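Only one structure is covered here, and it is reproduced in the block below.
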Amino acid sequence: MSLQLRVIGAIAALLILSLLAGGLMLSIHAHSLVALEVRTAFAGARQSVSDTLRSDVEHTVTLRQVVASFQGQRHVRAALVNETGKVIVQSQIGTLAEPAPDWFVRAMTPPTLTARIPIALPQYPCVVVLTSDPRSEIAEVWGHVRDAFVIMLLFCLATMIVVGLAAAAASRFLRRFRAALMAIGGGDYDARMDEGGPPEFADLARGFNHMARQLSDFSRSNRQLYAQVQSTQEEERAGIARDLHDEVGPYLFAIQVDAKAVAKTGTPEATRLSQSIREAVGHIQEHVRAILRQLRPVTQLEFGLEPAIADIAAFWSRRHPAVHFALDIALPAHLPQAHQETAYRIVQESVSNALRHGAPTRIAIAVHGGPDGLTVTVEDDGGGVRASGSPDSSPVTSPVTSPVTSLGQAGIAGMRERIGALKGQFEVQDANGRGVRVRATLPLAPEREPA
Ligand SMILES: Nc1ncnc2c1ncn2[C@@H]1O[C@H](COP(=O)(O)OP(=O)(O)O)[C@@H](O)[C@H]1O
Ligand SMILES: [Mg+2]
C-alpha cells in the first residue's frame, strides 16, 4: 500500500474513532440532562398540585381546572381518575416541533415517574395522577446533539481533505524526486528539480540539484580529460607510424636493392639467397603496412567509414579465409569524425577479439544510423567469453557507466572509454558460450560543451 494511502487511512481511522467517542460522550451527557430536566419538572408539578389540592379545591370544576392547567406542558401530563380507575379528564403535552428519531428516543428515555395525589373531598373520591413525559426534552436535546455531531463531522471531513491534499503534494514530490534520480542513474546529469514549494521539499530539491551539477561537472571534465588522452594517444600512434614508415621503410627498400645487386654477382647460390631475402623483406613490408594501417585509422578513414570497415574485414579475411565476414552498413549522410573514429576502433577491436579469443566461423558487422544515433554491432559465433579461458572471463553485460575492469583487459576498457566520451551506451553480451555480441550506440548531434 502506498505511503499516501497509509497516512490517509491512519488519519481517517483516528478521526472516525474520535467521532465515535465524541458521539458517545454527547449521548451520555444528553441522557443525564434529559433525566435531570424531567425529574426537576416533575417534582415542581407534584409540589404545585399538592399545594393547590390542599387549599383551593371545592368542587370538580376547580379539579378540572387543575388538570387543564397542565395542557401543553412540556414534561408532565396530569389526569383526573375516579375510584373505578376511569380517566375523567387528562392533559396533553405540547406538540413537538421536530420529534427525535425513535432510536434516539429509546436511548434517551429515563424511567417514567408517576405520582397519585388524593383529593381531600369525601364526596368526590378521585385522584390526580401525574406522569412524566420526556419526549419534548428529548426532541430538544436531539436538536443540540445532531448539530454538534454535524459540526464534528464537517471538521473531520475538512481535516481529511487538508491531509489528503498535503499527502498528494508530498507524493507528487516523491514521484518527481524518483524520476530525477532515475534520470541521473541513467547518465542524464542535466536532470534538475524545481526548487519551489515547502521549505523541506525545496531543501531536498536544492541538494539534488547541487549533486547533479557536481556530477555533470565531473562528467564534463572526464570527457575533456579523455579527449586529451585520446589525442595524445593518436599523436603517439602517428609518431610511431611515422618512425616505422620513415626509418624502417627505407632500410627495407635498401635491403631489397642490395639483394637484387647480390643476385647480379652471378652465382646460383647468391641468386637463390637474394630471392629468399627479397621474399622475407616483402613479408615484413606487408606487415609493416598492416601495422601502419592499424596505427593510423584517420588515414584509413580518408575515404569514409564504410571502406575503412570493409578494409578491416578484407585484412582479416586474408589471414582467416575460413571465417565468413558479413557486413551491413547504412550510414547517415553526415557523420562526425569522432563518431567515425570511434566506430572504426570498436569494429577493429571487436573483430580482433573475436578472432583472438573466440575461434568463430562467422563475424557479422553492422553499422546503422537511426533515431537513437549510430549503432555499431559486432557479433561472432565463437566460444564466447567463458570458453576463451581468460582468468577474468565472467559473462558481461556492461553498460558504459560500470567499472572498466569487468574484463580486466585494455581492449574493452578502451572501447568503453571512447564510447563514454561521446555519451554513448555500450554492452558486451556473452551468448552462453555461443559467441559474443558487442553493441554500442553513439548519440548523434551531441550537445555542445559549454565554453
Ligand atoms: N569475442 C570474444 N570472444 C571470446 N572472448 C572474448 C571476446 N571478446 C573479449 N573476450 C574476452 O574478454 C577479454 C578482454 O578483452 P580485451 O579487453 O579486448 O583484452 P585482450 O583482447 O587484450 O585480452 C579477453 O581476454 C577475452 O577473454
Ligand atoms: Mg582485445
Side-chain angles (χ1 to χ4, degrees), residues 222 225-226 229-230 232-234 236-237 240-241 287 290-297 300 308-329 340-368 375-422 424-442:
N222 251 357
L225 199 66
Y226 185 69
V229 170
Q230 288 255 286
T232 314
Q233 217 175 39
E234 294 296 339
E236 217 168 89
R237 283 163 178 267
I240 296 170
H287 273 291
I291 293 170
L292 285 180
R293 259 202 299 274
Q294 299 259 9
L295 285 175
R296 309 182 73 171
Q300 289 298 106
I309 290 176
D311 231 33
I312 297 176
F315 174 84
W316 286 114
S317 199
R318 278 197 298 279
R319 280 153 188 82
H320 296 269
V323 178
H324 172 66
F325 282 84
L327 297 190
D328 174 8
I329 298 174
Q340 296 196 32
E341 278 183 35
T342 302
Y344 180 88
R345 290 290 191 203
I346 294 167
V347 174
Q348 188 182 46
E349 176 62 23
S350 305
V351 169
S352 130
N353 272 354
L355 293 165
R356 277 177 62 202
H357 307 297
T361 63
R362 183 175 189 278
I363 296 177
I365 303 167
V367 186
H368 290 159
T375 313
V376 182
T377 317
V378 178
E379 217 169 342
D380 70 72
D381 63 352
V385 175
R386 282 199 204 88
S388 70
S390 156
D392 183 16
S393 54
S394 50
V396 238
T397 299
S398 54
V400 79
T401 43
S402 69
V404 293
T405 49
S406 58
L407 279 178
Q409 316 285 325
I412 287 178
M415 283 195 268
R416 184 178 290 124
E417 282 163 9
R418 280 176 190 280
I419 294 159
L422 294 180
Q425 298 287 318
F426 178 50
E427 55 177 20
V428 182
Q429 279 180 325
D430 176 272
N432 285 332
R434 289 192 306 279
V436 169
R437 190 173 88 134
V438 176
R439 185 182 161 87
T441 310
L442 309 174

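Since we're looking at a predicted model, the values are computed, not measured. Numbering of ligands and ligand atoms starts at 1, following listing order.
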Side chain, backbone, both or neither: which part of D380 has a heavy atom under 4.0 Å from ligand 1? side chain

Are the charged groups of E427 and R437 less than 4.0 angstrom apart, N to O? yes

Which of these, D381, D380, N353, sits in a side-chain contact (heavy atoms from CB on, under 4.5 Å) with V436? D380

Would you mind reporting whether H368 and T377 have side-chain heavy atoms less than 4.5 Å apart? no

Heavy-atom contact under 4.0 Å between G384 and ligand 1? yes

Heteroatom test (N, O or S) for N353 near the Mg ion (ligand 2), limit 2.8 Å: yes

Under 3.5 Å, N or O to N or O, is I412 touching ligand 1 that way? yes

For the Mg ion (ligand 2), find the closest N/O/S atom on E349 and give its atom name. OE2

Quick one, L355 and W316 - any side-chain contact, counting heavy atoms below 4.5 Å? yes

Any F325 side-chain heavy atom under 4.5 Å of I312 side chain: no

Between ligand 1 and S350, is the shortest N or O to N or O distance under 3.5 Å? no

